[in-house]
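Worksheet: one structure, shown below.
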Amino acid sequence: MPETKKPDLSNWSCPLPLQDYPAIVMGHGGGGKLSSELVEHLFLPAFRNETLANLGDAAVIGPLSGRIAMSTDTFVVQPLFFPGGNIGDLAVNGTVNDLAMSGARPRYLTAGFVLEEGFQITDLARIVESMAASARAAGVEIVTGDTKVVERGHGDGCYINTAGIGVIPDHVNVGPSLVQPGDAVIVSGTIADHGMAIMSVREGLEFDSTIVSDCAALNELAAIVLEAGGASVHAMRDPTRGGLGATMHEIAHASNVGMVIEESQLPVRPEVQAACELLGLDPLFVANEGKIAVFVAAEAAGRVLEAMRSHPLGSNAAIIGQAVAQHPKMLVAHTRIGANRVIPAQIGEQLPRIC
Amino acid sequence: MKYLTEFRDGELASKLAREIRQIVTRPWNIMEVCGGQTHSIIRNGIDQLLPEGVQMIHGPGCPVCVTPLEVIDRALAIAAQPGVIFCSFGDMLRVPGSAKDLFRVKSEGGDVRIVYSPLDAVNLAIKNPDKEVVFFGVGFETTAPANAMALHIARRQSLHNFSMLISHVLVPPAIEAIMESDENKVQAFLAAGHVCSVMGYWQYPPIAEKYRVPIVVTGFEPLDIMEGLRRVLLQLERGESRVDNAYERVVTHDGNREAQRLLAEVFDVCDRAWRGIGVIPQSGWRLSEAYREFDAEHRFAVSDIHAVESPLCHSGEVLRGALKPNECPAFGKECTPRHPLGATMVSSEGACAAYYNYGRFLSVEELVHA
Amino acid sequence: MGRVNFGGIVKDVCLAYVPEIAVGDYTIVHVGFALSKIDEESAQKTLETFREMGLLDEEFGEPEAVETVKETT
């Protein structure tokens, strides 16, 4: 188990007023004194940057030059704290990664919180501190935000929305519809870690393991990919919900190509594989939060793979398949026993099987 | 994982495939009874390694597929009641009843939870004494010992807020029903290894003899299934019809005596309806007199709920091996995994969903050159 | 109840049906219940049979019709 991040109380100018109420009350979202205390004593000291400190109705940034990428995502993960991270890490890294996958250098984020009445302020502090640490690590600033409180029973403690913008360097041109037959598919490391870390603590299915979420900011690794592959890099995706399988289906549809997966090349941690088998899940369709799937022209694949492996987040990178002109929009796996199978898209969430 | 990984070896699979090709001189139809084996066959592409003419027919061994529509409707009715925590294995949630599925009941406010084991449901009952906790007890002889133990514990602890909606089915009567059918095409069976780990395989020699049909107890990994096929094909080619055990590391002749003892205490054999097939005599288990108080069907008075299956659905013929999924007029039209008419389209192990999802209505060659 | 290690993950499993089981044994588990102790000797024997299978005609066996993805590294 990784150490859980503790709120850094020393950073707070005056934590005392917050302790009048150990839990969120309706007033924390009311725009009055309690609201501003939350901002002043929790958000400002944690996220600390000049733009946020101005506390205007809108954050004023820039000027930025070049194409701007923009993305938003909402986080409702349960449980809020899980092996390897919490909802705060996800909220920052998720939007950073969405921006990075479009080829952008992520710069600024917003953060919107929906808190449930009764939510512990110490838990909120842990989440906010994780967001701040993740933002620092990714080199982005959280420049504006919002907090609303809903009545007890109307939320799962804490929901977070983040939106972000980044700048796409001039020469970069990647997108899900640009993949060509013959492109290699590289995945940056072991798949299904995040989804199985969440499963391991989900009521009714829980098990003991050393599996931790792979939640991480991928902007550095994405920049390395683009530098090594240049114009040969056609698409990048972070295979989150729905896993690598859903991502490859999406790309196959968007680019009108077929995909072939070499099953024996898929990097899966043995304990993750074991957990998947225990619950009857296919790791190909289990979520990741710190992996990139890169679609790159075959001649540049070796170069990109080598560059990815030089970064800690890409040390287990592997070529797992390729795009093909045949069977457009379909995924075919070469199985370990030397047969082929079509991999269908999932309809909803994967369900643990009975046998 | 030890004793799993070794049985997935690609090289040994090629060897077995070569052996099988050398044995086979003509077409054969073989049924794997168990849904877990169906999954493994499709997942690994085992059928593609078989010689032309050797057909795998996917049998009625998936609890999701054979649980009758009216039992699903009863489950939905119970799960919708206030004060009830309805617990189920995950894949039962998407099985359509007459009007909706458990997901829908959950979205409408029902407290429906996925659990890994019936013991998790017992624990929920202990933790929530003010709630009625109901477990959806479906499955074959493999799942029954778990349900029996959960009930045994509930009874010992006088857990009055725990009950089970039971729809247990048995493999040997189903095999007989398939062999009795006029349209039967099945010439040999792979018997379900895990069912036999509980029940043993002493029930099968009379069936093999009566119907002159080879039966081989078979495991679930690719090599296990290929070895089961190799042995069954050897018998077919030689004109033999014996019971053979190709899963010796797990299955013994007598099975698990401890489990059988509790099963006999908790359950009585009864006639049971199979979805799409109809009633098969003496093919199921119901709660014995001593455990009747834990029967959710009576506790929630849902026995009056009856249902009529869609006339468009031919899942019964599919389950018996009389019809291939793509030969059904509704296949891929009125009936898809998204809008399934019958349970064989719902379950990921269901024969129809497998055909639809894995493109088995076209061969991979056809797909590749399409 | 007992603790069963599934290739690196551990779950509480009911061992009531396998009273003969000892620490270090392998078992088949279904929905939280150990149903059967794995006979390791038999497992090894089966694998050995597979390995020895067709040793004689190996050299003359038909070529494998197995495709693999072309590695581009």
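Here the structure is a predicted model, which means the values were calculated and not measured.
Most heavy-atom pairs under 4.5 Å with chain C, from the set Arg230(B), Glu11(B), Arg261(B): that is Arg230(B).
In this structure, the portions of Leu35(C) lying under 4.5 Å from any heavy atom of chain B include both its backbone and its side chain. With a 4.5 Å cut-off on non-hydrogen atoms, Met149(B) touches chain C through its backbone and its side chain both. Both the backbone and the side chain of Tyr17(C) come within contact range of chain B, judged by heavy atoms closer than 4.5 Å. Of the atoms belonging to Val29(C), it is side-chain heavy atoms, and not backbone ones, that fall under 4.5 Å from chain B. With a 4.5 angstrom heavy-atom cutoff, Val198(B) touches chain C only via side-chain atoms. Proximity to chain C is absent for every atom of Arg257(B), based on heavy atoms less than 4.5 angstrom apart. With a threshold of 4.5 angstrom between heavy atoms, Tyr116(B) approaches chain C through its backbone and through its side chain. Interface residue Leu223(B): backbone and side-chain heavy atoms are both found under 4.5 Å from chain C. Interface remark: Tyr26(C) contributes side-chain atoms only to the contact with chain B (heavy atom separation under 4.5 Å).
For the pair Arg155(B) and Tyr291(B), the cation-pi test (distance below 6.0 Å, angle within 45°) is passed.
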For residues 2-12 of chain C, which side-chain donor-acceptor pairs fall under 3.5 Å, sequence neighbours excluded?
{"from": "Arg3(C)", "atom 1": "NH1", "to": "Asp208(A)", "atom 2": "OD2", "distance (Å)": "3.2"}
{"from": "Arg3(C)", "atom 1": "NH1", "to": "Asp12(C)", "atom 2": "OD1", "distance (Å)": "3.0"}
{"from": "Arg3(C)", "atom 1": "NH2", "to": "Asp208(A)", "atom 2": "OD2", "distance (Å)": "2.4"}
{"from": "Asn5(C)", "atom 1": "OD1", "to": "Gly7(C)", "atom 2": "N", "distance (Å)": "3.3"}
{"from": "Asn5(C)", "atom 1": "OD1", "to": "Gly8(C)", "atom 2": "N", "distance (Å)": "2.7"}
{"from": "Lys11(C)", "atom 1": "NZ", "to": "Glu206(A)", "atom 2": "O", "distance (Å)": "2.5"}

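Within the 4.5 Å cutoff, the side chain of Leu4(B) has no heavy atoms near those of the Phe220(B) side chain.
Not counting sequence neighbours, the partners of Ala144(B) by the side-chain contact (heavy atoms from CB on, under 4.5 Å) test are His168(B), Leu263(B), Phe267(B), Trp285(B).
Aromatic ring orientation, His253(B) versus Tyr201(B): perpendicular (interplanar angle above 60°, classes split at 30° and 60°). Taking the six-membered ring where tryptophan is involved, the planes of Tyr247(B) and His194(B) are tilted, since the angle between them lies from 30° to 60°.
Enclosure of atom CD in Glu41(C) is not indicated, since only 12 or fewer non-hydrogen atoms of other residues, nucleotides or ligands lie within 6.0 angstrom.
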